[in-house]
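Remember, it's a predicted structure, so these values are computed and weren't measured experimentally. For the single chain, residues carry numbers from 1 onward in sequence order. Side chains are part of it too, since the values below use all heavy atoms of this structure and drop only hydrogens, waters and symmetry mates.
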Amino acid sequence: ALMPKDVWFECGGYRRRSDWTANRSVATSFGNIILWRTGYRSWQRGEETIFPLERLLGLVENVSPALLSWIGSTTATAGMSQQATLDALREHSGVSMGVKRLRACVETLADRLEPLRQTHQADALLEMLQQARDSSGSRKPVLSVGRDGITLRHQIGFFEVATTATLSVYDRAGQRLGTVYLAHPPELGQATMDQMLTQLLTELFERLDGPLPRLAYVTDSGSNEVTYFQRVLRKMKHPVSGAKLHWTRITDFYHVSERVWAMANALFTKPQQQQADAWARRMLKNLKRPSGASRVLHSAASLFSRRKLGKKRAENFQKAYRYLQNRTRYLKYHEYQRNHLPIGSGVTEAACKTIFTQRLKLSGMRWSREGAGRILTLRTILLSGTWAATFHETLTDNAASITTYVDHLNNKQQ
């Protein structure tokens with residue numbers, strides 16, 4: 001009775017209908033309900049009837065906000081599939097829906113959350129950095145950035161490389177406090193990931209009060225990872241002060257250790273396997289000592305000069321030797337550990353498994369870029385621990401639009 005006779009919505013006029021109609025398929029956390037509401041018919045023919053009450057309640061595909069949040073977080077959980085989500089939905093709320101409706105819910109939710117993702121991930125990093133500054137220890141807090149790629153099967157059957165990035169905060173004692181995750185579907189050149197990571201870092205530095213933490217970039221030596229450091233991080237300046245930021249580039253210790261074992265297998269024959277193992281383990285310990293890379297290279301070169309290797313073994317040795325030789329300035333593990341910098345990209349390597357493998361690489365799964373992108377948006381927000389805050393802002397935005405909408409209705413009524 002309090003609703004106006006006419007309303008104006010999205011550049012069009014609508015007139016109130018005299019009857020009430022029932023929406024019998026509104027899904028909530030406690031099951032389906034029947035919603036009686038008044039419709040408004042457009043002044044122009046061919047336009048759909050609108051229902052202001054449904055808009056005020058924030059329904060998406062006739063799903064309540066609370067259940068929509070549950071669907072989104074459940075869909076993003078490891079091991080879930082469309083059918084598993086639908087089964088869990090029936091068990092959780094007694095609500096049955098089809099794949100098409102589920103996909104529409106996920107699409108709408110991802111589109112709403114993505115513009116808000118960066119701000120709330122920056123909030124999480126700022127909170128962790130403050131916690132790191134307040135911690136006890138003899139070193140500065142550390143912000144460690146990593147990147148890596150993983151193959152993902154496209155819906156038409158071939159494999160492409162998707163990418164993930166991590167931003168981890170370590171306290172003064174070298175303990176990791178938490179990690180924020182980024183991920184993007186396969187893309188040639190990975191320009192979108194470059195942009196996502198750079199924008200998040202820029203917002204973080206813009207909002208960060210107090211001294212900067214130590215900045216570390218820990219990756220393997222993949223082309224995209226190296227290019228990002230050379231083109232972006234090495235030239236990055238503080239967005240407020242304009243001072244150049246100093247990033248410590250670290251080559252992942254695990255990938256370096258693989259080359260040490262490759263040299264050992266080339267220098268020693270199969271009957272000398274015990275000697276090969278002992279030499280490799282000794283070299284891995286040397287890597288963590290002062291001038292460790294030089295110690296390893298000197299020992300390897302000395303053995304190589306005294307042994308006669310076949311062509312294949314010599315090639316394997318030279319390839320592994322050059323890997324270390326060309327990256328000596330990024331292998332200062334003794335110095336890194338002394339300053340509590342991480343020397344391995346295990347967090348990023350694990351992110352490939354937790355973000356992609358546990359959700360997008362289950363048996364028989366193939367993905368379109370759009371579908372994978374939506375799941376990755378939901379999953380990175382969930383794993384970053386920012387789901388509640390990010391989703392809450394979508395409700396706040398909806399409440400603001402509701403206020404504007406109600407004010408508009410009142411003005412028209414007057």
Asp209, CG: over 12 other non-hydrogen atoms inside 6.0 angstrom: no
Nearest non-hydrogen partners of Ser384 and Thr380, listed with the distance: OG-O, 2.7 Å
Output, in order, the C-alpha distance, side-chain angles, deciding distance and verdict of side-chain hydrogen bond (donor to acceptor under 3.5 Å, both in side chains) for Asn316 and Arg313. CA-CA 5 Å; Asn316 291 339; Arg313 288 171 60 196; over 6 Å; no
For Thr390 and Leu113, which heavy atoms make the closest approach, and how far apart are they? CG2-CD2, 3.7 Å
Do the side chains of Phe205 and Met236 get nearer than 4.5 Å, heavy atoms only? yes
May I ask you to decide if the ring planes of Phe229 and Tyr217 are parallel, tilted or perpendicular, using 30° and 60° as cut-offs? parallel
Can you name the nearest heavy-atom pair linking Ser93 to Thr28, along with the distance? CB-O, 3.7 Å
Trp36 vs Arg24 side-chain heavy atoms within contact, under 4.5 Å: yes
For Glu315, is the CD atom crowded, meaning more than 12 foreign heavy atoms sit under 6.0 Å from it? yes
Restricting to non-hydrogen atoms, name the atom on Thr179 and the atom on Ser168 that form the minimum distance, rounded to 0.1 Å. OG1-OG, 2.8 Å
Keeping the roles fixed (side chain from Thr328, backbone from Leu324), state whether a donor-acceptor pair exists under 3.5 Å. yes
So, Trp387 side chain and Ser73 main chain: donor-acceptor pair closer than 3.5 Å or not? no
Are Thr164 and Ile150 close enough that some pair of their side-chain heavy atoms sits under 4.5 Å apart? no
Sub-3.5 Å donor-acceptor pair from the side chain of Arg133 to the main-chain atoms of Pro141, do we have one? no
I need the single residue from Gln337, Glu258, Lys288 that forms a side-chain contact (heavy atoms from CB on, under 4.5 Å) with Phe253. Which is it? Lys288
Partner residues of Asp220 under the salt bridge (Lys or Arg N to Asp or Glu O under 4.0 Å) criterion, sequence neighbours left out: none
Indicate the atoms forming the closest heavy-atom contact of Pro65 with Leu395, along with that distance. CB-CD2, 3.7 Å
If a pair satisfies side-chain hydrogen bond (donor to acceptor under 3.5 Å, both in side chains) and one of its residues is in residues 222-248, list it, with sequence neighbours excluded. Thr198-Tyr228
Examine Arg307 relative to Phe268 and say whether NZ or CZ is less than 6.0 Å from the centre of the six-membered ring and inside a 45° cone about the ring axis. yes
CZ (Arg295) with more than 12 external heavy atoms under 6.0 Å: yes
